[in-house]
Q: 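What follows is a structure written as C-alpha cells; I'll ask about it next.
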Amino acid sequence: MEKLLEVKNLKTYFTLKSENFGVKPEVVKAVNDLSFEVNKGEILGIVGESGCGKSTLGKTILKLNHKSGGEILYNGSEIFDLSDKDLKDLRKKMQMVFQDPFSSLNPRKKVGSLLAQPMKIHNMGTKEEIEAKIDKIMEEVGINPVYKGRFPHQFSGGQRQRIGIARALMLDPEFIICDEAVSALDVSIQAQVLNLLLDLHDKYKFTYIFIAHDLAVVEFISTRILVMYLGKIVESADKNELVKDHLHPYTKALFDAFPVTDPKGRENREPVLMGDVPSPINPPSGCHFHPRCPRVMDKCRLEYPPLKEVSPGHKVACWLYE
Ligand code: SF4
C-alpha cells in the first residue's frame, strides 16, 4: 500500500511555567517518541483514555502544535520544513473535524458563510461556484441547503457536526483527522455520523485518522487501530487482528470494559482498570502502565518495554511478549 503519512520518533513536549524562582520547570511529554505510518485510503483509529496525548498528536500532525523532535512526512515532505505557501497549499488537502461543533463554528455567522470561508481564504471559485459547492456538500452530509441562511445554534448537535464535516469537505481534502468527532453526540446520532463518514470514505477514498476514547466507536469505523497510553503507542494492529487477539493488558482492559448482556461473558476477563491515567509530568518508571497492570512483574517497574512486532503488522510494547 502507498504511504501518505509517516510519523517518525515524534515528540511534543510542553514546558509548564515554574511558580517558584529557581525551581526547574516541569515538562509534559504529551507525545513521547511515536512512530507509525498511515497508508492512502485507510482509516487509522487512535484510542486511549483522556489525557493519553492522542488529540495533541492529531494537532501536531496538522502543525497546529509545535513538535519537540522527530519527523512528520506527508507524501515524503516534512510538514514542519514547508514554506508558508506550500503549507497553505497542503492545508487544502488536510482537514480536521473537531469534537465540539458548537465551539468550532462561529455562532455569529450563518452556515452558508461558514462553509464559504475555506474557499474564500484559498481564493477558490467564483461566488456562483462557491454557492453551488455549498449546496452540493450540504446535500452530501444530509442537510437541506435551504437552511444555509440559519445560524449554528438553530441546528441540533448531530446537524452541527454534519456542518463541521461539510466545512472540512469544502476544499476536496484527501486526509481528514476526526478528533473525538462523535463523542459529544447521543449514541443513536453517533451511529448516523459514523455511517456518514464511512459513506464519504467509500465515495471519495479519503484517508482518515479517527481519534476517540471510546473503543467501540474506533472499532466500528477503523481498518487499523493504535492504542495509546501516556504519550506512547502500546499496541497496534489491523482492526480484525486486534479484536481477535489483543495482547497488551491495557488493550485487554479496554476491550473487557465493553458491557455484556450475559454475566457468564465476564468469565476470563481482566479486572476493570483501576484508578486514573497517571500524570504525564511525572510518569511511572519503567512501563508507564505498571501501577494499574494486573500482570506487573519486577522488570516492568525498571525498564520501558520496546514496541515489538509479534506477528505481521501486530506490534505490542509489553515485557510479557519479549
Ligand atoms: Fe503490564 Fe509489565 Fe506489560 Fe507493562 S510491561 S503492560 S506492567 S506486564
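Everything quoted here is computed from the prediction, not taken from an experiment. Just follow the structure's listing: the first ligand is 1, and inside any ligand the first atom is 1.
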Q: Does the Lys NZ or Arg CZ of K315 fall within the cation-pi geometry relative to F36 - under 6.0 Å from the ring centre and within 45° of the axis?
A: no
Q: Find out whether the Lys NZ or Arg CZ of K63 is both under 6.0 angstrom from the six-membered ring centre of F80 and within 45° of the ring's axis.
A: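 Yes.
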Q: Report the nearest protein non-hydrogen atom to atom 3 (Fe) of ligand 1: residue, atom name, distance rounded to 0.1 Å.
A: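 Looking at atom 3 (Fe) of ligand 1, the protein heavy atom closest to it is C318 SG, 2.3 Å.
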Q: For L320, take its heavy atoms, then give the atoms of ligand 1 lying under 4.0 Å from any of them.
A: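 Going through ligand 1 atom by atom, the ones under 4.0 Å from L320 are 8 (S).
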Q: Taking K136's backbone N and O only, do any of them form a donor-acceptor pair with E139's side chain (distance below 3.5 Å, no angle check)?
A: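 Between the backbone of K136 and the side chain of E139 there is no qualifying donor-acceptor contact (under 3.5 Å).
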Q: Provide, to 0.1 Å, the distance between atom 4 (Fe) of ligand 1 and the closest protein heavy atom, together with that atom's residue and name.
A: C287 SG, 2.4 Å
Q: Heavy-atom contacts with W319 under 4.0 Å: which atoms of ligand 1 show up? List them by number with element.
A: 3 (Fe), 5 (S)
Q: For the aromatic rings, using the six-membered ring if either is Trp, is the centroid distance between H288 and Y229 under 6.0 Å?
A: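 So the answer is no for these two rings.
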Q: Taking only heavy atoms of C293, which atoms of ligand 1 are found under 4.0 Å from at least one of them?
A: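 Counting atoms of ligand 1 from 1, those under 4.0 Å from C293 are 1 (Fe), 6 (S), 7 (S), 8 (S).
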Q: Which atoms of ligand 1 sit under 4.0 Å from any heavy atom of C300?
A: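 Numbered from 1, ligand 1 contributes 2 (Fe), 5 (S), 7 (S), 8 (S).
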Q: Using a 4.0 Å heavy-atom threshold (strictly under), name the region of H248 that reaches ligand 1: side chain, backbone, both or neither.
A: side chain
Q: Which word best sums up how the rings of F289 and H248 line up, parallel for under 30°, tilted for 30 to 60°, or perpendicular for over 60°?
A: tilted
Q: So, 2.8 Å as the limit: is an N/O/S atom of H290 located closer than that to atom 3 (Fe) of ligand 1?
A: no
Q: Can you label the angle between the Y74 ring and the F175 ring as parallel, tilted or perpendicular, going by 30° and 60°?
A: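 Taking F175 first and then Y74, their aromatic rings sit tilted (interplane angle of 30° to 60°).
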